[in-house]
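Working notes, beginning with the structure itself.
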Amino acid sequence: MTAGGVTADTAACDVAVCGAGAAGFMAAIQAAARGRRTVLLEKNSKPGLKILISGGGRCNLTTTRSGADLEAQYGAVRGRFLRHALRSFPPTALRQFVEDAGVLLQEEDLEKLFPVSQKARDVVDALLSLAQQAGVDLRTGNPVLGIRKEAAGFVVETPNGTLRAASVVLATGGLSYPKTGTTGDGYGFARGFGHTITATWPALAPLHVDVPWVRALQGIVLKDVDLAVFDAHGRELLRRNRPILFTHRGLSGPAPMDLAGDVEEQRGAAVVKFDFAPGIARDQLERQWLEATKAHGRASVDTLLPAHLPERMRETLTTLAGASGTLAGLSRERARRLLEASKDLRVPVPGSLGFDHAEVTRGGVRLDEVDARTMQSRRQPGLFVCGELLDVDGPIGGFNFQAAFATGRLAGLHA
Ligand SMILES: Cc1cc2nc3c(=O)[nH]c(=O)nc-3n(C[C@H](O)[C@H](O)[C@H](O)COP(=O)(O)OP(=O)(O)OC[C@H]3O[C@@H](n4cnc5c(N)ncnc54)[C@H](O)[C@@H]3O)c2cc1C
């Protein structure tokens, strides 16, 4: 690894890869393994920063999901674009790739795969060592400032001089966690070659909710509760049954974070709905409650609520419905309100906590301008685009690294 080292107008290579994250590392390793003289330019003094901080420093590298189910996680359009990348390099292949490099993985909750060592550092070290073995010339502290095309190829500008390259791979990521170096530079480079950048939104971020009962539950974790996001017309956009954490600013944890991209796209008009008893239809629950009221009139009202809910959550629901006391004393109207609170409790969600807290960017280089089989630009031959810079994002669970590695691999195989 060298810092600096691109000398003015003398350096030349076959492939210049911009950005040493998951996608850029993979692209560079594949290109160099094909015998292409490959230079990997990274802005930061250290490569792979996002890998290092991912999964709480443990790196949820990929998932055990596969096939059509895997593709569906990215949504219909994005999933279709990723089909070739994911089928030619599925999670099992990524697992094999890092395990062959000495990083054993194990499955945890939500079908996530993590290093057995629980250290993201091991993944970065493995990528560094694979890059070195393949002959990648990694140059850290080398921000790409501009890229232009000349008759003989591309000219990549850095503060340390220019680099000539036959092909260029853009792997500079998106806008999330800008302090890690991802400040959207690649959008400008791609635009310069005629690409369209679709609207960008923070995704996989905690949700901002300014509702007193939500704030009051700070610290509470819910499981087996459905959370769904609705648009301004009351249409359900996405539903998740994954853990939910109440925070002083709103909602965090896998389900709320998965909804963030859809919330953001509603520009302040989104509503999020809780269903605290997702396994049972509303009329069936109502019948159960009637029977319970007849049989156990002296029991307290909160015994109607799912037993797995934390006590503070159950208290909140009964308070919101104004339904305290015994079942025998529960009026029809209050029972109806409690049913409403249990199955259909809605809060307005103006947005997420933004790019500083978002794990990923929704939006990016328009997918129909990129060849899904090679990641080559349809606007500029010799230019390749991969990773989060593309208009691709997935839910929590290793799907974003999987997409970055799989698209980076295709770019490296064809650049
Ligand atoms: C806190 C956090 C936790 C996450 N946890 C997970 C997880 O556990 N599992 C998962 O699947 N996903 C996770 N993600 C998402 C995942 O990290 C990204 O989707 C993935 O890193 C995208 O890979 P990439 O290579 O496209 O971009 P990045 O990893 O963002 O890499 C882009 C690289 O390009 C460099 N760069 C930018 N501009 C320039 C320039 N002008 N010149 C040179 N270099 C430049 C950047 O410094 C960076 O090193 C997490 C993200 C965050 C922020």
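In what follows, residues are counted from 1 in the order of the sequence shown. First listed ligand is number 1; within each ligand, the first listed atom is number 1.
Not one N or O of F189 is nearer than 3.5 Å to an N or O of ligand 1, by distance alone. Considering backbone and side-chain atoms together, Q402 places no N or O closer than 3.5 Å to any N or O of ligand 1. In terms of polar-atom proximity, defined here as any N/O pair under 3.5 Å, V360 makes no such contact with ligand 1. For a threshold of 3.5 Å applied to N or O pairs, the pair formed by T182 and ligand 1 contains no separation below that value. Note: an N/O pair closer than 3.5 Å links K43 and ligand 1 by distance alone. Inclusion of E388 in the set of residues having an N or O under 3.5 Å from an N or O of ligand 1 is warranted.
Side-chain atoms of D302 and T318 form no donor-acceptor pair, as typed in the model, at a separation below 3.5 Å. Judged by distance alone, the side chains of T182 and K50 do bring a donor and an acceptor atom under 3.5 Å apart. Side-chain N/O atoms of E388 and T361 include a donor and acceptor closer than 3.5 Å. A side-chain donor-acceptor contact under 3.5 Å links S352 and E264. T62 and Q402 form a side-chain donor-acceptor contact under 3.5 Å, judged by distance and modelled atom types alone. If you check the side chains of D100 and Q96, you find a donor sitting under 3.5 Å from an acceptor.
The ligand atoms of ligand 1 that sit less than 4.0 angstrom from a heavy atom of G387 are 26 (O). Near T180, the atoms of ligand 1 lying under 4.0 angstrom from a non-hydrogen atom of the residue are 47 (O). When each atom of ligand 1 is checked for a heavy atom of N60 under 4.0 Å away, the hits are 7 (C), 8 (O), 9 (N), 10 (C), 11 (O). Listed by number with element, the atoms of ligand 1 under 4.0 angstrom from any heavy atom of N44 are 47 (O). Every atom of ligand 1 is numbered from 1 in the order shown, and the set under 4.0 Å from a heavy atom of A23 is 25 (O), 26 (O). The distance from ligand 1 to the heavy atoms of I53 drops below 4.0 Å at these ligand atoms: 1 (C). Near G181, the atoms of ligand 1 lying under 4.0 angstrom from a non-hydrogen atom of the residue are 37 (C), 38 (N), 46 (C), 47 (O). Atoms of ligand 1 lying under 4.0 Å from any heavy atom of G21, numbered from 1 in the order shown and given with element: 25 (O), 29 (O), 31 (O), 33 (C).
Using bins of under 30°, 30° to 60° and over 60° for the plane-to-plane angle, the ring pair F401/F405 lands in the tilted bin.
The cationic group of R215 does not satisfy the cation-pi geometry with F246, failing either the under 6.0 Å distance to the six-membered ring centre or the 45° limit from the ring axis. With a 6.0 Å cutoff to the six-membered ring centre and a 45° limit on the axis angle, R58 counts as a cation-pi contact of F114.
Atom 48 (C) of ligand 1 has as its closest protein heavy atom E42 OE1, 3.5 Å. Of the protein's heavy atoms, T172 CG2, 3.6 Å lies nearest to atom 39 (C) of ligand 1. From the protein, the heavy atom lying nearest to atom 23 (O) of ligand 1 is A404 CB, 3.7 Å. The protein heavy-atom contact nearest to atom 27 (O) of ligand 1 is G173 CA, 3.5 Å. Looking only at heavy atoms of the protein, atom 42 (N) of ligand 1 is closest to V144 N, 2.8 Å. In terms of protein heavy-atom proximity, atom 34 (O) of ligand 1 is nearest to G19 CA, 3.2 Å. The nearest protein atom to atom 15 (C) of ligand 1, hydrogens excluded, is given as E359 O, 3.4 Å; this is a heavy-atom distance. Scanning all protein heavy atoms for the shortest distance to atom 1 (C) of ligand 1 gives Y177 CZ, 3.5 Å.
Counting heavy atoms closer than 4.0 Å to ligand 1, residue L41 contributes backbone atoms (N, CA, C, O) but none from C-beta onward. With a 4.0 Å heavy-atom cut-off, ligand 1 is reached by the backbone of F401 and by its side chain too. Only the side chain of D185 comes within contact range of ligand 1, with a heavy atom under 4.0 Å; no backbone atom does. Heavy atoms of A171 found under 4.0 angstrom from ligand 1 belong exclusively to the backbone.
Within the 4.0 Å heavy-atom cutoff, A22 counts among the residues contacting ligand 1. Using a 4.0 Å cutoff on heavy atoms, G398 counts as a contact of ligand 1.
Remark: R267 CZ is loosely packed, at most 12 non-hydrogen atoms of other residues, nucleotides or ligands lying under 6.0 Å away. A 6.0 Å sphere centred on NZ of K119 holds no more than 12 heavy atoms belonging to other residues, nucleotides or ligands. More than 12 non-hydrogen atoms from other residues, nucleotides or ligands lie less than 6.0 angstrom from CG of D283. Counting non-hydrogen atoms of other residues, nucleotides and ligands closer than 6.0 Å to CD of E311 gives a total of 12 or fewer.
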Problem set entry | V392/T407 under side chain to side chain contact (heavy atoms under 4.5 Å, CB included): CA gap, chis, key distance, verdict | CA-CA 10 Å; V392 156; T407 55; over 6 Å; no
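Taking 4.0 Å as the cut-off between side-chain N and carboxylate O, R139 and D137 count as a salt-bridged pair. Salt bridge annotation for E150-R164: present, with a cationic side-chain nitrogen under 4.0 angstrom from a carboxylate oxygen. One finds a salt bridge joining R366 and D368 here, because a Lys/Arg side-chain nitrogen approaches an Asp/Glu carboxylate oxygen to under 4.0 Å.
Closest heavy-atom approach to atom 3 (C) of ligand 1 within the set G56, S54, A358: this belongs to S54.
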